[in-house]
Structure formats: structure tokens, C-alpha cells
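Below, all heavy atoms of this structure are taken into account, side chains as well, without hydrogens, waters or symmetry copies.
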Amino acid sequence: MTARRIHIHHENPEVFRDALGGVLDPGAWELVCWRDEAAFRAGIGEAELLLAFRPPRGLWAGATRLRFLQMTGAGIDTLLPAPDLPAAVRIANARGIHGLHMGEFALAMMLAFEKRIPTWLEQQRDHRWQRHGIHTLHGKTVTILGLGAIGAEVARRCRAMGMRVTGTRRSGAPMDG
């Protein structure tokens with residue numbers, strides 16, 4: 001039996017190769033990784049299934065065998081417009097799966113700056129210690145532009161920290177909290 005191929009275009013394809021390798025039958029599937037535009041250009045003509053984050057623009061005319069393109073981000077704005085992409089290609093995005101991770105990341109960054117972590121690390125590196133005022137996120141106001149999966153998760157975490165949360169969403173529909 002000939003293994004089917006999944007092509008992965010990403011600057012760090014090992015992340016996807018490791019995740020998929022534990023799920024796919026190695027006898028049935030082969031993972032082919034492309035790190036850069038040159039590899040993409042050379043291999044796009046053989047790809048049927050492609051997993052990509054930011055594929056290069058203007059190289060789709062050679063994708064004559066491509067049938068499915070899975071974008072790894074929430075949107076497909078890094079792909080479109082793609083007038084040279086064959087009409088038979090189905091496109092999917094990863095909308096909704098990044099909320100938890102990005103919500104934690106956003107809160108971590110807010111805490112890092114509010115608690116002056118970069119300053120503390122710089123002082124530690126320089127063996128210099130100065131006192132700073134104590135700051136807290138509690139009681140602060142945060143405004144979130146876009147309350148999709150990521151924005152809603154950021155809002156939930158900010159509310160849990162005692163912050164006042166305001167936000168906008170494209171639909172204008174109200175949202176709890």
C-alpha cells in the first residue's frame with residue numbers, strides 16, 4: 001500500500017509532525033514538511049492535503065492535485081485573495097481552537113507588565129535591586145476588540161481577576177459578562 005501524504009508548510013513543522021505522528025498510522029500516512037517558500041514552490045504540484053499557517057501568495061497555479069487546505073490560524077486572511085488557487089480546493093481554518101492558549105497568554109502578558117516582570121528580570125540580570133510600587137489588575141478596565149473565541153476567553157479570565165471588561169464584536173450582539 002502506498003502511503004498518502006500530508007504536506008505541512010510552517011516555519012516550525014515539527015510541532016505538527018509530532019502531533020500528527022502520534023495519531024496517524026505511519027504505514028498509511030507520510031508527513032512531508034516544508035519550512036520555506038522555496039520548498040513550497042518545489043513541492044506544491046504534488047500536494048493533495050496541505051496544512052499551512054502562512055502559505056506564500058501567488059504560487060497556487062501549480063497546485064493541480066491539491067484538494068484540501070487546512071489553515072492553522074483562526075482566519076484565512078493570510079491566504080486570500082488567491083485567484084490562482086484551483087476552484088476544487090476546500091479550505092478550512094482553525095477558528096475556535098486557540099481561545100484557551102491565547103487567553104492564558106494575554107493574561108500572562110497583562111500580569112507581566114502590571115507586575116513589572118521585565119524590569120525585575122533586567123534588575124536581576126544586572127544584580128541591581130530597586131523597590132517599585134505594588135500594582136494590581138484588580139479594578140482595572142480592559143477593552144477587548146473582537147469577542148470571538150480568543151477575545152471571549154480573554155474577557156472571562158480578566159473578569160476572574162476582578163477587572164471591569166468592555167468589548168466589541170462584529171455582530172453587535174450582547175455577550176454575558
Side-chain angles (χ1 to χ4, degrees), residues 1-113 117-118 121 142 144-158 160 167-171 173 175:
M1 176 171 94
T2 303
R4 294 198 64 194
R5 290 181 172 170
I6 297 177
H7 290 80
I8 301 169
H9 177 263
H10 194 273
E11 61 191 22
N12 187 11
E14 289 76 18
V15 172
F16 299 101
R17 185 175 53 212
D18 293 346
L20 291 172
V23 176
L24 300 174
D25 175 4
W29 294 96
E30 176 187 359
L31 302 176
V32 179
C33 299
W34 303 328
R35 289 185 179 281
D36 54 35
E37 185 174 318
F40 185 95
R41 184 186 308 272
I44 192 61
E46 69 181 54
E48 291 182 64
L49 304 169
L50 176 61
L51 179 69
F53 179 57
R54 288 190 177 120
R57 294 180 186 254
L59 301 178
W60 296 107
T64 56
R65 297 182 61 202
L66 188 62
R67 296 295 170 256
F68 186 78
L69 171 56
Q70 174 66 57
M71 298 293 288
T72 61
I76 58 173
D77 52 321
T78 59
L79 170 67
L80 299 177
D84 54 338
L85 186 67
V89 178
R90 297 210 179 252
I91 303 168
N93 67 7
R95 182 177 179 260
I97 69 167
H98 300 295
L100 178 66
H101 299 289
M102 294 306 293
E104 288 181 357
F105 183 76
L107 187 59
M109 295 306 290
M110 285 186 229
L111 283 166
F113 287 113
I117 301 289
L121 292 173
V142 63
I144 300 168
L145 304 177
L147 292 167
I150 294 171
E153 189 63 30
V154 172
R156 187 178 73 75
R157 292 178 181 285
C158 288
T168 63
R169 60 193 323 187
R170 188 179 306 172
S171 69
M175 182 177 165

Under 4.0 Å between a side-chain nitrogen and a carboxylate oxygen: does that hold for Glu14 and Arg35?
yes

Side-chain donor or acceptor of His98 paired with backbone N/O of Thr72 under 3.5 Å:
yes

Shortest non-hydrogen contact from Gly103 toward Glu153:
CA-CG, 4.0 Å

Supply the atom-to-atom distance Phe105 CZ to Met110 CE, rounded to the nearest 0.5 angstrom.
11.0 Å

Atom CE of Met102: over 12 foreign heavy atoms under 6.0 Å
no

Is a side-chain donor or acceptor of Asn93 paired with a backbone partner of Gly73 at a separation under 3.5 angstrom?
no

Approximate separation, where rounding is to 0.5 Å, of Glu48 CD and Phe68 CZ:
13.0 Å

Taking the ring of His9 and the ring of Phe53, is the distance between their centroids below 6.0 Å?
no

Looking only at heavy atoms, which two atoms of Arg95 and Ala74 are closest? And how far apart?
CB-O, 3.7 Å

Knowing that exactly one of Arg5, Arg41, Arg65 qualifies, which makes a salt bridge (charged side-chain N to carboxylate O under 4.0 Å, His left out) with Glu46?
Arg5

Minimum heavy-atom separation for Trp60 to Leu69, with atom names?
CH2-CD2, 3.9 Å

salt_bridge(Arg4, Glu30) N-O dist < 4.0 Å
no

Would you mind reporting whether Arg67 and Arg90 have side-chain heavy atoms less than 4.5 Å apart?
no

Contact summary for Thr64 and Gly45, nearest pair of heavy atoms
OG1-O, 4.4 Å

Pick from Ile91, Leu66, Val32: which one makes a side chain to side chain contact (heavy atoms under 4.5 Å, CB included) with Leu50?
Leu66

Classify the ring geometry of Trp34 against His7: parallel below 30°, tilted from 30° to 60°, perpendicular beyond 60°.
tilted

Look up atom CZ in Arg156 and atom CG in Leu100, then write down how far apart they are to the nearest 0.5 Å.
8.0 Å

How close do Leu80 and Arg57 get, counting heavy atoms only, and between which atoms?
O-NH1, 2.8 Å

Rounding to 0.5 Å, atoms CG (Leu107) and CZ (Arg157) come to a distance of 7.0 Å

Nearest 0.5 Å, please: how far is CG in Asp84 from CG in Leu59?
7.5 Å

Testing Ile8, Leu51, Ile6 for side chain to side chain contact (heavy atoms under 4.5 Å, CB included) with Cys33, which one passes?
Ile8

If you look at every heavy atom in Ile44 and Ala63, which pair is closest and at what distance?
CG1-CB, 3.6 Å

